[in-house]
Amino acid sequence: MKDFTYTGLPAKVIFGSGTVGRLTGEVDELGIGRALVLTTPQQVDQGNELVERLGGKSAGLFANAAMHTPVSVTNDAIQAFENLDADGIVSIGGGSTIGLGKAIALRTDAPQIVLPTTYAGSEMTTIIGQTEDGEKTTQKTMKVLPETVIYDIDYTMSLPPVMSVTSGINAIAHAVEALYAENSNPILNLMAEQGITALMRALPVITDEPENRGARSDAAYGAWLCAVCLATGGVALHHKLCHVLGGSFDLPHAETHTIVLPHALAYNAPAVEDAMASLRRATQSNTPAGSFYDLAKNGGAQVALKELGMAEQGIDQAVDITLRNPYWNPRPLEEEGIRNIIRAAWAGDRPGY
Ligand code: NAD
């Protein structure tokens with residue numbers, strides 16, 4: 001076995017159905033007297049439900065979380081946090097809501113309890129991205145790691161099937177890159193393979209039966225394992241490409257991951273034989289990249305960047321930005337190869353690997 005370093009992050013994870021019943025106890029355990037509940041305008045009902053459940057332990061609801069954590073929204077939320085005399089955060093939602101909770105924690109050190117309702121995985125990480133004046137900056141700090149994560153599959157039942165597929169493939173992408181990252185290690189490899197296996201099993205069932213509780217449970221479990229991979233594993237070409245495409249062309253997060261993953265993996269495949277062996281087991285296929293493409297297409301997700309509104313002229317610009325700052329990747333980055341990946345992702349071709 002090769003030498004390795006494994007870092008575990010301190011977070012309490014509660015998993016199951018009806019686990020929201022543990023919320024008040026967890027608020028007490030963290031010493032929170034008045035929790036500000038956060039969510040998006042779309043999930044205001046779920047937010048209100050938590051406010052009611054918390055009773056006197058709730059400071060109120062802030063339901064204006066938005067994609068990419070705009071600093072202007074964070075400033076409003078901090079104002080509410082102070083005006084309402086809050087001393088802790090309860091976030092219910094996906095990466096956008098969790099990002100807002102992290103942004104408040106960064107500035108106030110407030111403890112966070114998170115109830116994730118998508119599969120994106122922000123709840124397990126020390127990563128925070130924030131947007132100001134059109135620019136997104138990302139940092140890693142323990143200050144933003146949520147203390148407690150309550151996975152309650154009941155709150156994931158309403159995630160629409162196509163969003164479930166794109167969010168699930170976003171999670172799979174974290175695990176795929178952890179398998180071949182520079183700092184890959186056998187513990188994360190176990191989690192990555194299990195996480196992808198669970199999501200590959202769950203997502204086609206959710207497409208046909210969105211209310212299948214077994215599949216929802218598998219998907220949330222897989223998403224958690226994949227989130228741990230993102231939290232302490234490394235990333236490479238795939239995440240870099242998504243960062244460039246999301247940041248420079250304003251493309252949506254999970255959908256972009258869904259489209260790019262098969263192509264980034266196909267590029268790296270010849271250089272990552274051990275990872276490909278794991279992925280063949282997890283996907284039960286000899287062509288894992290093709291399997292991820294099929295999973296997206298059969299689940300009704302878009303498979304071409306042009307369908308997301310990216311213009312063809314953007315391909316060259318994306319290649320330039322991707323190559324401007326060199327970074328680690330298992331296969332050296334060659335301009336022609338990167339152009340081929342972005343072109344194939346733009347056109348929506350099915351990769352052969
Ligand atoms: P999201 O949080 O933006 O949610 C998308 C929409 O779906 C929102 O309107 C939300 O309210 C709604 N929604 C969420 N769960 C729902 C449910 N169960 N039922 C019905 N509607 C629901 O989407 P996301 O993909 O989870 O998060 C994307 C954001 O998270 C991006 O900004 C991304 O950069 C960030 N992110 C950060 C990390 C990290 O580690 N910091 C990791 C992953 C993603």
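As the structure lists them, so they are numbered: ligands from 1, and atoms in each ligand from 1.
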Can you confirm whether Trp224 is buried at CH2, in the sense that more than 12 heavy atoms of other residues, nucleotides or ligands lie under 6.0 Å from that atom?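 Not more than 12 within 6.0 Å, no.
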Just to confirm my output: which protein heavy-atom neighbour is closest to [atom], and how far is it?
atom: atom 9 (O) of ligand 1; answer: Gln42 OE1, 3.2 Å
atom: atom 30 (O) of ligand 1; answer: Gly95 CA, 3.1 Å
atom: atom 4 (O) of ligand 1; answer: Thr118 CG2, 4.4 Å
atom: atom 41 (N) of ligand 1; answer: Ile127 O, 2.9 Å
atom: atom 40 (O) of ligand 1; answer: Thr125 OG1, 2.6 Å
atom: atom 38 (C) of ligand 1; answer: Ser122 CB, 3.4 Å
atom: atom 25 (O) of ligand 1; answer: Ala120 CB, 3.9 Å
atom: atom 3 (O) of ligand 1; answer: Ser96 OG, 2.5 Å

Looking at Val165 and Ala296, what are the two nearest heavy atoms and their distance?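 Smallest interatomic distance, heavy atoms only, reads CG1-CA, 4.0 Å.
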Testing the basics here: between Asn268 and Leu237, what is the closest heavy-atom pair and its distance to 0.1 Å?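 Result for this residue pair: ND2-CB, 4.2 Å.
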For Lys102 and Ser122, which I'm curious about, is there any donor-acceptor pair between the side chains at under 3.5 Å?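 There is such a pair (donor and acceptor under 3.5 Å, judged by atom type) between the side chains of Lys102 and Ser122.
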For Arg216 and Ser164, which I'm curious about, is there any donor-acceptor pair between the side chains at under 3.5 Å?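 The criterion, which ignores hydrogens and geometry beyond distance, is satisfied for Ser164 and Arg216.
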Angle between ring planes, Tyr221 versus Phe15, binned at 30° and 60°: parallel, tilted or perpendicular?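 Perpendicular, since the angle between the ring planes exceeds 60°.
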What are the atoms of ligand 1, with element, lying closer than 4.0 Å to any heavy atom of [X]?
X: Gly94; answer: 2 (O), 26 (O)
X: Tyr155; answer: 18 (N)
X: Met67; answer: 3 (O), 28 (C), 29 (C), 31 (C), 32 (O)

Could you tell me whether [X] and [Y] make a salt bridge, using a distance below 4.0 angstrom between a side-chain N and a carboxylate O?
X: Lys12; Y: Glu147; value: no
X: Asp294; Y: Arg350; value: yes
X: Arg280; Y: Glu273; value: yes
X: Arg34; Y: Asp87; value: no
X: Asp152; Y: Arg22; value: no

N/O of [X] under 3.5 Å from N/O of ligand 1, yes or no?
X: Gln43; value: yes
X: Thr117; value: yes
X: Ser167; value: no
X: Ser158; value: yes
X: Met163; value: no
X: Gln46; value: no

Please classify the [X] to ligand 1 contact at 4.0 Å (heavy-atom distances, strictly less than): side chain, backbone, both or neither.
X: His68; value: both
X: Thr40; value: side chain
X: Tyr119; value: neither
X: Met157; value: neither
X: Lys136; value: side chain

Is Ile315 linked to Leu323 within one hydrophobic cluster, defined over Ile, Leu, Val, Met, Phe, Trp and Tyr using a side-chain heavy-atom separation of less than 4.5 Å?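 Yes: a chain of side-chain contacts under 4.5 Å links Ile315 to Leu323.
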The one among Lys140, Glu123, His253 that brings a heavy atom closest to atom 44 (C) of ligand 1: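 That would be His253.
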Do Met142 and Leu9 touch side chain to side chain, with heavy atoms closer than 4.5 Å?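 Counting from C-beta outward, Met142 and Leu9 do come under 4.5 Å.
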Check: His68 ring centroid to His253 ring centroid under 6.0 Å: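 No, the ring centres sit 6.0 Å or more apart.
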